[in-house]
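Quick notes on the structure that follows.
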2 protein chains.
Amino acid sequence: MLKKFIDKESGREVESSVMNAITIDCVVFGFDKGSLEVLLIEHAEGIRKGEWGLPGGWIKKSESIDGAAHRLLADLTGLDDIYLEQLKAFGSPDRFPLGRVITIGYYALVKREDYNIKAGFTASDAKWYKIADIPNLIYDHNEILEFSLVNLRNRVRQAPIGFNLLPEKFTLFELMKLYEEILAVEMDKSNFRRKFLRMKLLNPLDEKQQDVSHRAAQLYAFDPKIYEKLTKKGFSFEF
Amino acid sequence: MLKKFIDKESGREVESSVMNAITIDCVVFGFDKGSLEVLLIEHAEGIRKGEWGLPGGWIKKSESIDGAAHRLLADLTGLDDIYLEQLKAFGSPDRFPLGRVITIGYYALVKREDYNIKAGFTASDAKWYKIADIPNLIYDHNEILEFSLVNLRNRVRQAPIGFNLLPEKFTLFELMKLYEEILAVEMDKSNFRRKFLRMKLLNPLDEKQQDVSHRAAQLYAFDPKIYEKLTKKGFSFEF
DNA sequence: ATACTTGTGGTCATATTTACCATAAGATAA
DNA sequence: TTATCTTATGGTAAATATGACCACAAGTAT
């Protein structure tokens with residue numbers, strides 16, 4: 001019952017049982033007005049035309065899988081040069097209706113202000129959805145999304161990656177709100193401040209918030225060197 | 001320059017640019033006499049006959065990737081019903097000399113006492129190697145091993161997974177030695193005890209060590225319920 | 001009995017966390 | 001202008017956790 005392919009060049013048979021189609025699917029997180037959001041695209045072609053799903057596509061033979069993820073995201077949404085990390089391979093035999101397709105999930109954290117999403121390639125539309133408003137997605141994409149959300153909640157406590165969702169300059173309060181939103185907890189402003197400042201990860205800037213109707217807060221940027229160090233040696237943020 | 005395959009049944013051409021061979025490679029950790037070890041196999045056939053590498057092989061179309069990992073490990077080494085977790089997909093275009101092969105890495109933690117390793121299938125030998133004595137391995141297997149070691153060091157501080165390397169019943173001292181070995185640090189007996197017991201993860205048994213030439217230590221087993229809870233809500237073991 | 005080894009329980013000084021409170025620094029409304 | 005509101009920021013005290021170390025217990029080996 002094994003299907004066989006013939007290699008056109010060599011003429012030799014190749015057992016299809018070990019040949020698999022591999023795709024990439026990306027869960028792109030953004031943070032806007034206090035809400036965690038995910039970038040979804042509407043498929044412009046293929047068997048699921050018109051339906052929403054995660055941005056993704058085929059891996060080419062000549063590229064690394066990280067490279068494929070970056071290429072696909074750029075093609076489909078215009079996102080370029082972003083924080084992207086491999087999540088997990090999903091390979092249930094029946095996850096794709098037309099045959100066995102294994103997909104490698106990636107998740108990305110982007111600063112919303114830096115990008116204008118533009119649907120491209122095989123995507124007819126691309127939009128940010130609030131986590132609470134995710135529609136039914138194609139294939140097992142809801143499952144992949146759920147997995148990446150759990151992963152994000154874990155990662156954000158174990159590595160200083162939250163900044164990738166915030167603008168270059170941010171206040172401690174905004175950072176705290178980000179953690180509160182992702183982890184679905186409430187925190188104490190004062191304790192959060194002390195805890196975070198103690199690890200020297202943030203550099204205070206010579207700037208304050210503008211155009212706010214209350215006392216303007218100090219702006220901070222994160223320190224890439226300490227970031228590097230903490231990422232290597234481990235980071236633990238307890239609540 | 002794209003290679004094409006012909007589907008024997010339908011007669012249609014399939015672009016080989018999206019067809020990839022996918023394998024599984026497993027890093028199996030064990031712990032014996034105070035040393036962290038890895039299970040390697042000697043290949044009995046194929047282009048790398050006689051060389052050592054990680055146990056692994058092709059994924060079949062009809063099985064999940066987790067299923068493939070379990071099957072391969074059972075076939076090659078006799079290991080069955082073990083703690084196995086997906087690590088990462090490795091997909092550098094040139095990692096495999098005969099063409100593009102993507103491999104999905106898994107790591108496993110096994111209780112050495114429970115298994116007798118027996119080489120099988122396409123493995124002519126299977127042996128435990130101490131971490132410090134790993135030879136040169138085929139393909140990028142040294143790289144995969146190194147990655148999984150870093151991963152293990154991180155995971156062991158963030159989830160209560162160390163028990164999977166120990167016998168059912170163990171002493172606090174043995175547990176500490178395990179942590180010391182994996183993390184390459186020295187710890188204080190007394191403080192380790194206090195810290196670990198406080199989280200109620202361990203159930204003291206009505207048994208003591210046997211046949212030791214010193215005061216016999218209390219034996220413990222871990223509590224699966226608390227284990228479950230800690231795994232979900234997060235676990236942090238600082239040193 | 002003595003020495004030796006590991007287990008187990010403690011102390012104490014120090015550091016961290018938590019739950020608050022108080023004041024500062026603006027903006028806005030009366 | 002003054003009062004009031006909101007958020008920022010800095011503090012305090014009690015509870016908890018940590019790290020270094022000690023002392024005795026409970027066995028084995030000589």
Side-chain angles (χ1 to χ4, degrees), chain A residues 33-34 156-158 160 166-167 169-181 183-222 226 230 233-239, chain B residues 33-34 156-158 160 166-167 169-181 183-222 226 230 233-239:
Chain A
K33 298 189 194 71
V156 92
R157 293 184 309 166
Q158 294 159 5
L166 290 179
K169 304 166 182 180
F170 50 86
T171 69
L172 281 171
F173 195 61
E174 287 165 351
L175 185 61
M176 186 177 98
K177 285 296 172 191
L178 172 67
Y179 274 88
E180 286 189 339
E181 165 78 1
L183 298 171
V185 292
E186 294 217 332
M187 304 178 192
D188 181 280
K189 248 189 320 181
S190 177
N191 295 338
F192 181 89
R193 155 185 304 272
R194 186 155 29 91
K195 223 157 168 173
F196 227 105
L197 288 181
R198 185 156 42 79
M199 51 188 170
K200 308 283 186 197
L201 182 56
L202 301 183
N203 289 329
L205 302 173
D206 282 338
E207 269 182 272
K208 299 202 162 188
Q209 266 182 322
Q210 300 290 329
D211 305 318
V212 285
S213 69
H214 54 78
R215 174 177 175 182
Q218 174 76 248
L219 286 172
Y220 292 85
F222 81 93
I226 313 276
L230 279 180
K233 112 180 223 307
F235 166 103
S236 173
F237 206 73
E238 302 287 324
F239 300 99
Chain B
K33 298 190 195 72
V156 91
R157 293 183 309 166
Q158 293 159 4
L166 290 178
K169 304 166 183 180
F170 50 85
T171 70
L172 281 171
F173 196 61
E174 287 164 351
L175 185 61
M176 186 177 98
K177 286 296 172 191
L178 172 67
Y179 275 88
E180 286 189 340
E181 166 77 2
L183 297 172
V185 293
E186 293 218 332
M187 303 178 192
D188 181 280
K189 248 189 320 181
S190 177
N191 295 339
F192 181 89
R193 155 185 305 271
R194 190 167 27 133
K195 224 157 166 175
F196 226 104
L197 287 181
R198 184 158 41 80
M199 51 188 170
K200 309 280 187 200
L201 183 56
L202 301 183
N203 289 329
L205 302 173
D206 282 338
E207 269 181 90
K208 299 204 162 185
Q209 267 181 321
Q210 299 290 331
D211 305 318
V212 284
S213 69
H214 54 77
R215 173 177 176 183
Q218 173 76 248
L219 285 172
Y220 291 85
F222 81 94
I226 313 276
L230 279 181
K233 112 178 221 309
F235 165 102
S236 173
F237 205 73
E238 302 288 324
F239 300 99

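Just so it is clear, the values below take in all heavy atoms, side chains as well, and ignore hydrogens, waters and symmetry mates. Throughout, a chain's letter reflects where its sequence line sits, starting with A, and its residues are numbered from 1.
Mapped onto DNA chain C by nearest heavy atom, F173(B) and V212(A) fall at different nucleotides, with F173(B) at the one closer to the 5' end. Projected onto DNA chain D by closest heavy-atom contact, R198(B) and A217(A) fall at different nucleotides, the more 5' of which corresponds to A217(A). Looking at which nucleotide of DNA chain C each of L172(B) and A216(A) is closest to, the 5′-most match is held by L172(B).
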(request) Could you check Y179(B) against V185(B) for side chain to side chain contact (heavy atoms under 4.5 Å, CB included), going step by step and ending with a plain yes or no? (result) CA-CA 8 Å; Y179(B) 275 88; V185(B) 293; over 6 Å; no
(message) Between F196(B) and F237(B), is the side chain to side chain contact (heavy atoms under 4.5 Å, CB included) condition met? List the steps.
(response) CA-CA 9 Å; F196(B) 226 104; F237(B) 205 73; 3.5 Å; yes
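Note: CG (L175(B)) to P (dT8(C)) measures 13 Å, nearest angstrom. For the pair Q209(A) CD and dT6(D) P, the computed distance is 16 Å after rounding to whole Å. One can place NZ of K208(A) at 8 Å from C1' of dA25(C), the figure rounded to the nearest angstrom. If you take CZ of F192(B) and P of dC21(D), they are 20 Å apart, rounded to a whole angstrom. To the nearest angstrom, P of dA27(C) lies 10 Å from NE2 of H214(A). For K195(A) and dT16(C), the NZ to P distance is 12 Å, given to the nearest whole Å. We find that CE of M176(B) is positioned 9 Å from P of dG7(C), with the value rounded to whole Å. Remark: C1' of dA22(C) and CZ of R215(A) are 13 Å apart, rounded to the nearest angstrom.
Between the base of dG10(C) and the side chain of S190(B) there is a donor-acceptor pair shorter than 3.5 Å.
Looking only at side-chain heavy atoms (C-beta outward), F222(B) and N203(B) stay at 4.5 Å or farther from each other.
When every heavy atom of A217(A) is checked against every heavy atom of T171(A), the shortest pair comes out as CB-CG2, 3.8 Å.
Taking every side-chain heavy atom of R194(B) into account, dT11(C) is the closest of dT11(C), dC21(D), dC20(C). Between dT9(D), dC21(D), dT6(C), one nucleotide has an atom nearer to the side chain of K189(B) than all others, and that is dT6(C). Nearest nucleotide to the side chain of Q218(B), out of dC21(D), dT8(C), dC20(C): dT8(C).
Residue contacts for T171(B): at a heavy-atom cut-off of 4.0 Å it reaches no nucleic acid atom on any strand shown.
A salt bridge links E180(A) to K177(A): at least one charged side-chain nitrogen sits closer than 4.0 Å to a carboxylate oxygen.
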